[in-house]
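Owing to the predicted nature of the structure, the values given are computational and were not obtained by experimental measurement.
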Amino acid sequence: MITKENILAIAKKTILSESEAIAKLINFLDENFTQAVQQIYETKGRLVVTGIGKSAIIAQKMVATFNSTGTPSLFLHASEAIHGDLGMIQNEDVIICISKSGNSPEIKVLVPLLKRFGNTLIAITGNMTSFLAKGSDHVLNTTVDMEACPINLAPTNSTTAQLVMGDALAVCLMEMRDFKPEDFAVYHPGGALGKKLLLRVKDMIEHSLKPTVAPDSSIKKVIFEISEKRLGVTAVVENNKIIGIITDGDIRRMLNDRDTFADLTAIDIMTKNPKMVSSDTMAVDALNILEDFSITQLIVSDNGEYKGVLHLHDILKEGIV
């Protein structure tokens, strides 16, 4: 009978097995790897990644990683390649072929066809004496002692090793290209990740109201302005210059401390030197300021010109946290 303890033990054994298989890859890295990276980096063509079965799935993941990190890539299914898809390969493309055995029927048909075009062929295989290994220009060794599968059949350690080898290639290429966060943002414009890398304060305050009171405004006027603009804050502006802010929290504290406020004006309760950002500030940086100072609003100002109020809710609505 399988118990909870058995399940956890099996899971831990699987993870340990795969981690050990990955660790052994370090010993397989040699001149083939460095030459493969150099070939991919220097090519004027694309990187074509092919495979069949589980290796094809790994190939698709590699392509996704390469494309998102500055190496133009495309996926070619090994079985479809010999039925017309070879036409997608161009003269200067570099090809990676992934196969654990390196001897599957489709691979044996495909390799001579790929070599016929004269493209550089890089093998990722667990069989260094295979048809694929012997027919490739560079061979990246992903040999594993066994699979994590209890019957040593289902691709587990072997596909993980393939995936890690692909990641090693991608990271080396990123380093060589001096790939920066702003480059990454170009390929990830959508979703939370893209917004973290691209969204600026000005993108969120385009239609923002600008609650404003004068230093001598009455407290009644201040309360009305905060309530009407519904941002929980108002700027105190004198001669077109922001000299302070008043939040709804300031109003509550004032009411707690005093029985009457008839003689008070905005300048009496405002906070001087408020936290401000420019409209070009990255949204994620503005969020960090809000968190660091435990506040919910920031005044937006460009060279002294009042642009609006950024509220924490504006950032939360964009889904970058």
Side-chain angles (χ1 to χ4, degrees), residues 180-186 188-189 191-321:
K180 293 181 170 59
E182 51 267 33
D183 300 315
F184 198 75
V186 171
H188 296 78
L193 180 58
K195 288 180 179 179
K196 280 186 179 181
L197 295 168
L198 291 173
L199 194 68
R200 296 183 183 273
V201 168
K202 62 184 175 185
D203 301 317
M204 294 182 287
I205 64 161
E206 183 178 358
H207 304 294
S208 172
L209 299 173
K210 296 194 292 185
T212 306
V213 295
D216 59 355
S217 295
S218 67
I219 299 303
K220 181 178 179 180
K221 166 65 175 174
V222 171
I223 295 173
F224 181 80
E225 185 72 357
I226 293 175
S227 299
E228 184 183 43
K229 301 299 171 57
R230 297 184 178 181
L231 290 172
V233 66
T234 183
V236 183
V237 179
E238 184 177 37
N239 298 324
N240 296 318
K241 180 181 178 182
I242 300 168
I243 63 171
I245 63 167
I246 301 172
T247 68
D248 49 10
D250 293 325
I251 298 294
R252 288 193 298 272
R253 283 186 289 274
M254 176 206 67
L255 293 174
N256 285 333
D257 295 340
R258 299 177 65 94
D259 295 326
T260 179
F261 53 85
D263 59 332
L264 295 179
T265 59
I267 198 169
D268 297 318
I269 65 169
M270 74 178 188
T271 299
K272 298 180 180 178
N273 302 314
K275 296 292 180 293
M276 293 191 282
V277 293
S278 72
S279 61
D280 277 331
T281 301
M282 300 300 297
V284 68
D285 293 332
L287 175 61
N288 290 335
I289 295 173
L290 291 171
E291 291 179 336
D292 289 344
F293 291 95
S294 299
I295 55 179
T296 56
Q297 305 102 340
L298 284 169
I299 298 295
V300 183
S301 174
D302 290 340
N303 298 318
E305 182 182 354
Y306 182 25
K307 291 293 186 180
V309 175
L310 177 68
H311 197 285
L312 176 61
H313 291 162
D314 298 324
I315 299 176
L316 294 178
K317 281 191 294 186
E318 295 294 339
I320 67 171
V321 293

Handout entry: Heavy-atom closest contact (A266 atom, A214 atom, distance)
Key = CB-O, 3.4 Å
Fill in the blank from the handout: Minimal heavy-atom distance between V201 and A286, with the atoms involved, is CG2-CB, 4.0 Å
Practice task
Starting at NE2 of H313, measure out to CG of L316 and round the result to the nearest 0.5 Å.
Solution key: 6.0 Å
Practice task
May I have all residue pairs that pass salt bridge (Lys or Arg N to Asp or Glu O under 4.0 Å) and include part of residues 226-245, sequence neighbours excluded?
Solution key: E225-K229
Fill in the blank from the handout: Given the options K307, K210, M276, I299 meets side-chain contact (heavy atoms from CB on, under 4.5 Å) only with M276
Practice task
Assess whether side-chain contact (heavy atoms from CB on, under 4.5 Å) is satisfied between T296 and L290, documenting all intermediate values.
Solution key: CA-CA 6 Å; T296 56; L290 291 171; 5.6 Å; no
Exercise for the section: Output, in order, the C-alpha distance, side-chain angles, deciding distance and verdict of side-chain contact (heavy atoms from CB on, under 4.5 Å) for M204 and I315. Expected result: CA-CA 8 Å; M204 294 182 287; I315 299 176; 4.0 Å; yes
Handout entry: Within residues 272-288 or reaching into it, pairs that qualify as salt bridge (Lys or Arg N to Asp or Glu O under 4.0 Å) - sequence neighbours excluded
Key = K202-D280
Exercise for the section: Look up atom OG1 in T281 and atom CG in L298, then write down how far apart they are to the nearest 0.5 Å. Expected result: 8.5 Å
Problem - Residue pair T234 / T212: nearest heavy atoms and the distance that separates them - result: OG1-N, 3.2 Å
Handout entry: Pairwise side-chain contact, I226 with L231, heavy-atom cut-off 4.5 Å (strictly under)
Key = no
Which atom pairs, one a donor and one an acceptor, fall under 3.5 Å between side chains of residues 248-255 and the rest of the protein, sequence neighbours left out?
unit_1 : atom_1 : unit_2 : atom_2 : d
D250   : OD1    : R253   : NH2    : 2.7
D250   : OD2    : T247   : N      : 2.9
D250   : OD2    : T247   : OG1    : 3.3

Practice task
Would you give the length of the straight line joining atom CG of L312 to atom NZ of K317, rounded to the nearest 0.5 angstrom?
Solution key: 11.0 Å
Practice task
Go through the steps for S301 and I242 under the test side-chain contact (heavy atoms from CB on, under 4.5 Å), then give the verdict.
Solution key: CA-CA 9 Å; S301 174; I242 300 168; 4.2 Å; yes
Fill in the blank from the handout: Closest non-hydrogen contact found for D302 with S279 is OD2-OG, 2.6 Å
Practice task
Please say whether more than 12 non-hydrogen atoms of neighbouring residues, nucleotides or ligands are located less than 6.0 Å from CG in D292.
Solution key: yes
Exercise for the section: Enter the distance from L264:CG to I267:CD1 here, rounded to the nearest 0.5 Å. Expected result: 12.0 Å
Handout entry: S227 side chain vs I223 backbone, donor-acceptor pair below 3.5 Å
Key = yes
Problem - More than 12 heavy atoms of other groups within 6.0 Å of D263 CG - result: yes
Handout entry: Heavy-atom side-chain proximity of I246 to V236 below 4.5 angstrom
Key = yes
Practice task
Could you tell me whether the side chains of T265 and D216 share a donor-acceptor contact shorter than 3.5 Å?
Solution key: no
Practice task
Please assess V237 against I243 for the test side-chain contact (heavy atoms from CB on, under 4.5 Å), listing each intermediate value before the final yes or no.
Solution key: CA-CA 6 Å; V237 179; I243 63 171; over 6 Å; no
Exercise for the section: Report, as yes or no, whether the 6.0 Å neighbourhood of atom CZ on F224 holds more than 12 heavy atoms from other residues, nucleotides or ligands. Expected result: no
